[in-house]
**Q** 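Pasting a structure here, questions to come.
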Amino acid sequence: MTESTQGSDLTIPVPLLTDRLAAWASTRGATERVAIAALIEEGDVLAREDVRDLLVVDTGRAAHCDWPRFEARYRNSLVLDAGERAFLDFVVAVGFPRLVPLWQVEHLGERRLVVVLRALAALAGAGDTVTVSVGAGSC
């Protein structure tokens with residue numbers, strides 16, 4: 001999918017932010033690829049303008065994540081509920097390796113927990129062989 005920017009009398013297709021981030025992540029190491037995939041899969045956090053403003057450097061044609069800037073400021077700059085904060089803590093710990101207290105999983109909720117578990121499986125190299133889904137008895 002693309003967004004459009006209008007010039008004088010021609011429309012230039014611009015890839016969606018998620019596509020630009022995925023393209024950038026494809027050139028990075030496994031940790032950043034997995035972190036970006038988790039952000040895109042979860043969707044809600046990356047949809048927030050304040051999160052994007054702090055995390056993403058976007059030139060319109062390309063985009064990348066500024067993990068050090070985000071990690072240094074997001075806890076104090078963003079108003080997050082417990083689930084958003086826990087999810088971002090896990091994603092930052094994957095993309096910009098940091099320690100994260102595992103007790104925070106209690107705040108993730110089922111949907112975000114599945115995203116985090118898939119990310120961990122992918123990091124372990126088992127993303128194609130481990131199935132994580134929502135429901136009784138699955139994981």
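We number each residue from 1, following the sequence as shown.
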**Q** Could you report the tightest heavy-atom contact between Leu108 and Gly83, atom names first, then the distance?
**A** CD2-O, 4.3 Å
**Q** Grab the two heavy atoms, one from Ala38 and one from Ala119, that are nearest each other, plus how far apart they are.
**A**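 In this case the closest contact between Ala38 and Ala119 is CB-CB, 4.3 Å.
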**Q** State plainly whether one hydrophobic cluster holds both Leu102 and Phe96, where clusters connect Ile, Leu, Val, Met, Phe, Trp and Tyr through side-chain heavy atoms under 4.5 angstrom apart.
**A**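 Both belong to a single hydrophobic cluster.
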**Q** Which heavy atom of Leu17 sits nearest to which heavy atom of Ala63, and what is that distance?
**A** CD1-CB, 3.7 Å
**Q** Set out, in order, the CA-CA distance, both residues' side-chain angles and the distance that settles side chain to side chain donor-acceptor pair (under 3.5 Å) for Glu32 and Trp67, then state yes or no.
**A** CA-CA 9 Å; Glu32 287 181 293; Trp67 298 112; 2.8 Å; yes
**Q** Decide yes or no for Glu84 and Arg112: does some side-chain heavy atom of the first lie under 4.5 Å from some side-chain heavy atom of the second?
**A** yes
**Q** Between Arg75 and Asp89, does the salt bridge (charged side-chain N to carboxylate O under 4.0 Å, His left out) criterion hold? Intermediate values first, please.
**A** CA-CA 9 Å; Arg75 288 179 193 89; Asp89 284 348; 3.7 Å; yes
**Q** Looking at side-chain heavy atoms only, is the closest gap between Val51 and Val56 below 4.5 Å?
**A** no
**Q** Say you draw a straight line from CG of Leu88 to CZ of Arg48; how long is it, rounded to the nearest 0.5 Å?
**A**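 Atom-to-atom, Leu88:CG and Arg48:CZ are 8.0 Å apart.
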**Q** Quick one: CG on Leu46 to CD1 on Ile36, what's the gap to the nearest 0.5 Å?
**A** 7.5 Å
**Q** Nearest 0.5 Å, please: how far is CG in Leu55 from CG in Asp50?
**A** 11.0 Å
**Q** When rounded to the nearest 0.5 angstrom, what distance separates CG in Leu113 from CZ in Phe90?
**A**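 So the gap between those two atoms works out to 8.5 Å.
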**Q** Could you tell me the separation between the OG1 atom of Thr59 and the NE2 atom of His64, rounded to the nearest 0.5 Å?
**A**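 Taking OG1 in Thr59 and NE2 in His64, the distance rounds to 9.0 Å.
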**Q** Between Arg52 and Asp58, is there a salt bridge with N-O shorter than 4.0 Å?
**A**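 Salt bridge flag = no for Arg52 with Asp58.
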**Q** Check the pair Leu39 / Phe87 against side chain to side chain contact (heavy atoms under 4.5 Å, CB included), numbers first and verdict last.
**A** CA-CA 9 Å; Leu39 282 169; Phe87 180 74; 4.1 Å; yes
**Q** May I ask you to decide if Val45's main-chain N or O and Glu42's side chain share a donor-acceptor pair within less than 3.5 Å?
**A** yes
**Q** Taking atom CZ of Arg85 and atom CG of Asp81, what is their separation to the nearest 0.5 Å?
**A** 9.5 Å
**Q** Determine the minimum heavy-atom distance between Val94 and Ala35, stating which atoms define it.
**A**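 The pair with the smallest heavy-atom distance is CG1-N, 3.9 Å.
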**Q** Using the ring of each side chain (for Trp, its six-membered ring), is Phe70 parallel, tilted or perpendicular to Tyr74, with breaks at 30° and 60°?
**A**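 Phe70 vs Tyr74 ring planes: parallel.
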**Q** With a 3.5 Å distance limit and no angle check, can you tell me whether Arg73 reaches the backbone of Leu54 through a side-chain donor-acceptor pair?
**A**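 No, Arg73 side chain to Leu54 backbone: no donor-acceptor pair under 3.5 Å.
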